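Whatever order the structure lists ligands and atoms in, that order sets their numbers, starting from 1. What's counted below: heavy atoms across the whole structure, side chains too, no hydrogens, waters or symmetry copies. Quick caveat: nothing in here was measured; it's all calculated off a predicted structure.
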Amino acid sequence: MSAAHSASGFGIELPPSLKAERRGDVAVLTLARAHKRNALDDPTVFAIDAFFEALPDEIKAVVLAAEGEHFSAGLDLGELTELNVAQGIAHSRSWHRVFERIEFGKVPVVSVLHGAVVGGGLELAASTHVRVAEASAYYALPEGTRGIFVGGGGSVRLPRLIGVSRMMEMMLTGRSYDAVEGQALGISHYLVPPGTGLAKGIELAKHMAGNAPMTNFAVMHVLPRIAEQDRAAGYLTESLIAAIAQGDEEAKARLKAFLEKRAPKAVHNRKG
Ligand code: 1HE
């Protein structure tokens, strides 16, 4: 792998299409292939994998952002032209592994979206836990137009986010949704003015980094599994993880801090 940008402090070398920096206990990973609209080629996808695998223990949350006018134009279409069927399966499965590492990784990830968030770019965004959209963001699944299908887990994640019917319509008609529509659909959780997404993303990442690690683990790894269980199994799993979380030293200290009026209250002070 070429190493024009060394990921100083992260123990790995990154290709020129990625940059990484630390902001205290938050890492910011930036897609930096703006001349190709941050199209996701193999070196980029595999380096995203390596970055999340090598994440130091002191990093408690990640922000995924992008340089240029667009978050990501999706899969680098140049890469599919040479693949036969077996290689196509392997390629898609490799994306699955990488995006699973994000979704079911060590720490929560907030993505900051702007411009085109299309195809594999939307699949990548869907694998993050919190999505902040700037007003320029728009969402589309142009795979139908290109004669292909989603391959980065989009058919698993997006129906859970926006519903099978909506995804079907997006793929069949080539429709794009703007940032306001995307917010209403639940693609983004925050809709912010142009140029403010990164600051919002870092603010949210800092909040998540401050959560008890056991709570973040339960939310990221257990909650999605409970949502796929039947009710009886779900209640049982919930009781088990609730007991594990509350039994942790961290929980005891936090509960005590609240009772002794040393902890913030759950007041309504944040805007989307
Ligand atoms: C690319 C890609 C790409 C741009 N693969 N090279 N995704 C798509 O179908 C979206 C394709 N991209 C676009 O529709 C447009 O590029 C944008 C609307 C995002 C931006 O338009 P624009 O006018 O700002 O840029 P551009 O002139 O189209 O692109 C600039 C360069 O980036 C140009 O290369 P150049 O060498 O001529 O300068 C483009 O070819 C290149 N480029 N997008 C390769 N996607 C795991 S399955 C997932 C399946 C999918 O993701 S399918 C959806 C693919």
Practice task
Using distance alone, determine whether Gly120 and ligand 1 share an N or O pair under 3.5 Å.
Solution key: yes
Fill in the blank from the handout: Looking at His35, Arg37, Arg146, the heavy atom closest to atom 31 (C) of ligand 1 belongs to His35
Practice task
May I ask whether atom 28 (O) of ligand 1 is less than 4.0 Å from at least one protein heavy atom?
Solution key: no
Handout entry: Minimal non-hydrogen separation, Glu67 against Lys19, with atom names
Key = OE2-NZ, 2.6 Å
Problem - Identity of the nearest option to atom 44 (C) of ligand 1, non-hydrogen atoms only, from Asp76, Val150, Val117, Val45 - result: Asp76
Exercise for the section: Could you tell me whether atom 15 (C) of ligand 1 has at least one protein heavy atom nearer than 4.0 Å? Expected result: no
Exercise for the section: Could you tell me whether atom 20 (C) of ligand 1 has a protein heavy atom closer than 4.0 Å? Expected result: yes
Practice task
Under 4.0 Å, heavy atoms only, figure out whether ligand 1 is touched by the backbone of Ile148, its side chain, both or neither.
Solution key: side chain
Exercise for the section: Using a 4.0 Å heavy-atom threshold (strictly under), name the region of Phe99 that reaches ligand 1: side chain, backbone, both or neither. Expected result: neither
Practice task
Identify the protein heavy atom lying closest to atom 53 (C) of ligand 1, giving its residue, its atom name and the separation to 0.1 Å.
Solution key: Pro142 CG, 3.7 Å
Problem - atom 37 (O) of ligand 1 touched by protein heavy atom at under 4.0 Å - result: no
Fill in the blank from the handout: To atom 32 (O) of ligand 1, the nearest of Glu123, Lys36, His70, His96 on a heavy-atom basis is Lys36
Practice task
Answer yes when Glu203 and Lys200 have at least one side-chain N-carboxylate O distance shorter than 4.0 Å, and no when they do not.
Solution key: yes
Handout entry: Test item: protein heavy atom less than 4.0 Å from atom 40 (O) of ligand 1
Key = no
Handout entry: Within-cut-off N or O pair, Ala73 and ligand 1, under 3.5 Å
Key = yes
Handout entry: Selected option - heavy-atom contact closest to atom 5 (N) of ligand 1, from Leu80, Val118, Asn38, Leu77
Key = Leu77
Problem - ligand 1 versus Ala39: contacting region, heavy-atom distance under 4.0 Å - result: side chain
Handout entry: Flag: protein heavy atom within less than 4.0 Å of atom 48 (C) of ligand 1
Key = yes
Problem - Per-residue contact class, Glu69 against ligand 1 - non-hydrogen pairs under 4.0 Å - result: neither
Exercise for the section: Answer yes or no for atom 11 (C) of ligand 1: protein heavy atom present at a distance under 4.0 Å? Expected result: yes
Handout entry: Per-atom contact, atom 23 (O) of ligand 1, protein heavy atoms, under 4.0 angstrom
Key = no
